[in-house]
Number of protein chains: 2
Amino acid sequence: MERLPKRQRHQQLSRLLDENPFLTDRELTRQLKVSIQTIRLDRLELAIPELRERLKLMAERSYDSVRSLPLHEVIGDIVDLQLDKSGISLFEISEEHVFSRTGIARGHHVFAQANSLAVAVINDEIALTASADIRFIRPARLGEKCFAKAYVRAGGEQKGKAKVEVFTYVGEEMVFQGNFVIYRSAGESKT
Amino acid sequence: MERLPKRQRHQQLSRLLDENPFLTDRELTRQLKVSIQTIRLDRLELAIPELRERLKLMAERSYDSVRSLPLHEVIGDIVDLQLDKSGISLFEISEEHVFSRTGIARGHHVFAQANSLAVAVINDEIALTASADIRFIRPARLGEKCFAKAYVRAGGEQKGKAKVEVFTYVGEEMVFQGNFVIYRSAGESKT
DNA sequence: TTTCTTTTTGGCATCAGGTATTAAAGGTTA
DNA sequence: TAACCTTTAATACCTGATGCCAAAAAGAAA
């Protein structure tokens with residue numbers, strides 16, 4: 001009985017499933033010449049989900065990816081803007097922003113609204129996000145209207161760094177809060 | 001019972017599955033208020049395959065397209081994924097991601113890549129970003145290929161919260177770094 | 001060699017999400 | 001009334017797994 005050592009079999013197993021993720025455990029036993037129990041222990045150790053889970057993940061990825069890409073311009077409609085002071089934007093969660101199975105908005109869309117607003121509120125030719133400390137307080141759901149309020153807290157008119165605080169609400173409920181540090185260049189100009 | 005219900009139900013059934021192909025027959029009974037046998041007869045008549053076949057078809061379609069198409073326009077093409085351990089995604093900065101005047105990527109796109117990856121790497125039915133602490137180390141520019149690496153640092157297999165660290169590079173240079181706290185649901189649960 | 005440990009195998013119960021078949025109840029319709 | 005359509009029900013079976021327990025086999029240590 002010339003079995004391969006465990007390590008090598010694990011490598012082979014990963015390789016085989018990488019090449020063809022549609023293989024059942026039973027098909028794997030044929031290729032690796034070990035019992036089905038061994039295959040299952042191996043998958044457990046390697047944290048490889050069962051066939052059906054793999055298919056489901058693939059299906060979800062393809063389904064969601066079609067619906068999650070459009071992130072073109074500024075996210076949300078800016079309804080009020082006082083440069084270097086504060087701003088408000090509105091953003092409605094629609095199909096393409098949510099996880100298909102739960103109807104919960106992907107975090108980066110909510111972030112994108114806040115980030116866009118934080119950048120927009122800074123009155124400078126070049127404003128870039130340097131860092132942010134953010135909190136998703138409760139999930140935003142399909143159909144909900146998010147309104148974000150941004151307040152410039154420091155670095156109002158000078159160059160260097162500005163601090164912007166953003167709060168996002170759905171109705172009375174806060175769904176997101178973030179502290180942004182925005183880099184600003186020297187030139188003060190409007191477009 | 002009126003004469004029409006069947007026709008109408010068939011239309012509704014098609015519509016529901018069109019919107020969300022992940023529905024089981026049992027979930028359909030709740031929405032259509034008929035027995036599971038009726039749902040199955042309906043699927044038979046409409047030649048709609050069972051859930052598992054639908055998932056398999058979707059998976060096959062996406063698998064084929066992943067092999068043929070580069071998938072640039074998605075928020076990162078996941079090229080490696082070890083659930084609950086680590087993951088890698090690639091994202092190329094193109095026109096629609098940058099400030100037109102400067103050619104610098106809007107922060108939320110870089111964030112979106114990292115966030116998508118941090119969520120994808122968590123092996124759970126429902127994984128949502130709870131909070132994040134992020135740093136934009138240097139701007140990413142038009143045409144640059146961002147290479148994000150995620151590592152699950154804590155909360156690997158249990159429910160509750162997981163910590164995921166993400167580093168994004170362009171070549172050797174780090175452009176972004178983020179610490180994400182991902183909320184995860186109670187492992188395998190039925191929908 | 002014997003003992004201990006790791007690895008592998010086997011068996012059995014159970015699950016989800018179905019298929020396939022047969023039967024029966026209810027209303028419709030000629 | 002019989003013939004029919006629609007709906008519900010009951011049952012057996014399928015696949016690709018999981019979980020658990022036990023036992024055999026192989027390797028390493030004393």
Side-chain angles (χ1 to χ4, degrees), chain A residues 1-14 16-60 63 100-102, chain B residues 1-14 16-60 63 83-84 123-126 156-159 185-191:
Chain A
M1 246 176 237
E2 289 171 35
R3 276 195 217 85
L4 289 170
K6 204 174 169 184
R7 276 283 157 77
Q8 279 180 33
R9 195 183 56 236
H10 280 189
Q11 285 198 324
Q12 270 224 310
L13 183 71
S14 306
L16 282 169
L17 286 178
D18 211 51
E19 278 170 18
N20 182 3
F22 299 88
L23 293 172
T24 64
D25 288 355
R26 202 163 300 278
E27 284 164 331
L28 288 165
T29 65
R30 278 180 223 130
Q31 309 220 23
L32 296 176
K33 313 277 186 204
V34 288
S35 73
I36 201 158
Q37 290 84 353
T38 304
I39 297 290
R40 283 167 183 170
L41 283 173
D42 287 353
R43 273 200 302 97
L44 206 69
E45 280 187 81
L46 295 169
I48 296 170
E50 61 169 288
L51 170 65
R52 283 162 179 172
E53 284 304 309
R54 296 197 299 270
L55 296 183
K56 197 168 159 190
L57 279 170
M58 282 192 275
E60 270 171 14
Y63 191 67
S100 53
R101 302 182 52 246
T102 57
Chain B
M1 285 183 185
E2 299 101 61
R3 206 68 282 257
L4 289 176
K6 196 173 172 183
R7 278 278 144 87
Q8 280 182 9
R9 196 182 55 236
H10 280 189
Q11 285 199 322
Q12 269 223 309
L13 183 72
S14 307
L16 282 168
L17 286 179
D18 210 50
E19 278 171 20
N20 183 1
F22 298 87
L23 293 172
T24 63
D25 287 356
R26 201 162 300 278
E27 283 164 331
L28 289 165
T29 64
R30 280 182 224 129
Q31 308 218 26
L32 297 175
K33 313 277 187 203
V34 288
S35 75
I36 201 158
Q37 289 83 356
T38 303
I39 297 290
R40 285 167 181 170
L41 283 173
D42 287 354
R43 274 200 302 101
L44 206 69
E45 279 188 80
L46 295 168
I48 295 170
E50 61 169 289
L51 170 65
R52 284 163 179 170
E53 284 305 308
R54 296 197 300 271
L55 294 184
K56 197 172 164 186
L57 282 169
M58 281 192 275
E60 273 166 4
Y63 191 65
L83 291 170
D84 289 324
N123 182 22
D124 222 296
E125 293 245 337
I126 298 173
E157 313 252 316
Q158 323 107 338
K159 55 177 164 177
S185 72
E188 302 297 291
S189 77
K190 50 184 177 177
T191 324

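Going from atom CZ of B:Phe22 over to atom P of C:dG18 covers 13 Å, rounded to whole Å. B:Glu53 has its CD atom 11 Å from the C1' atom of C:dT19, to the nearest Å. Going from atom CZ of B:Arg26 over to atom C1' of C:dG17 covers 8 Å, rounded to whole Å. One interatomic measurement links the two molecules: CG of A:Leu17 to P of D:dG16, which rounds to 14 Å at whole-angstrom precision. Straight-line distance from the CG atom of B:Asp42 to the P atom of D:dT6: 10 Å, rounded to whole Å. Taking atom CD1 of residue B:Ile39 and atom P of nucleotide D:dT6, one finds them 16 Å apart after rounding to whole Å. Distance, B:Lys56 NZ to C:dG17 P: 17 Å, rounded to whole Å. Atom CD1 of A:Ile36 and atom P of C:dG10 are 11 Å apart (whole Å).
Residue B:Glu50 is in sugar-phosphate contact alone, with no base atom involved, counting any heavy-atom pair closer than 4.0 Å across all strands shown. Here B:Arg54 lies out of heavy-atom contact (under 4.0 Å) with every strand.
Taking only side-chain nitrogens and oxygens, B:Arg40 never comes nearer than 4.0 Å to OP1 or OP2 of D:dT8. When the side-chain nitrogen and oxygen atoms of B:Ser35 are compared with OP1 and OP2 of D:dT8, one or more of them lie within a distance under 4.0 Å.
Within the 4.5 Å cutoff, no side-chain heavy atoms of A:Leu51 are placed close to those of A:Asp25. Counting heavy atoms from C-beta outward, B:Arg26 and B:Arg30 have side chains that approach closer than 4.5 Å.
Contact detail for B:Ala59 and A:Met58: the closest heavy-atom pair is CB-CB, 3.8 Å. Nearest heavy-atom pair, B:Thr29 versus B:Ser35, reported as atom, atom and distance to 0.1 Å: CG2-C, 3.9 Å.
For the pair A:Thr24 and B:Leu41, both in contact range of DNA chain D, the more 5′-proximal nearest nucleotide belongs to B:Leu41. If A:Gln37 and A:Asp25 are placed on DNA chain D by their nearest nucleotide, the residue sitting closer to the 5' end is A:Asp25.
Nearest nucleotide to the A:Val34 side chain, out of C:dT9, C:dT19, D:dT7: C:dT9.
Side-chain atoms of B:Arg52 come within donor-acceptor range of the base of C:dA16, with a qualifying N/O pair under 3.5 Å.
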Side chain to side chain contact (heavy atoms under 4.5 Å, CB included), that's the test. Do A:Phe22 and B:Glu60 meet it? Break it down for me.
CA-CA 9 Å; A:Phe22 299 88; B:Glu60 273 166 4; 3.6 Å; yes
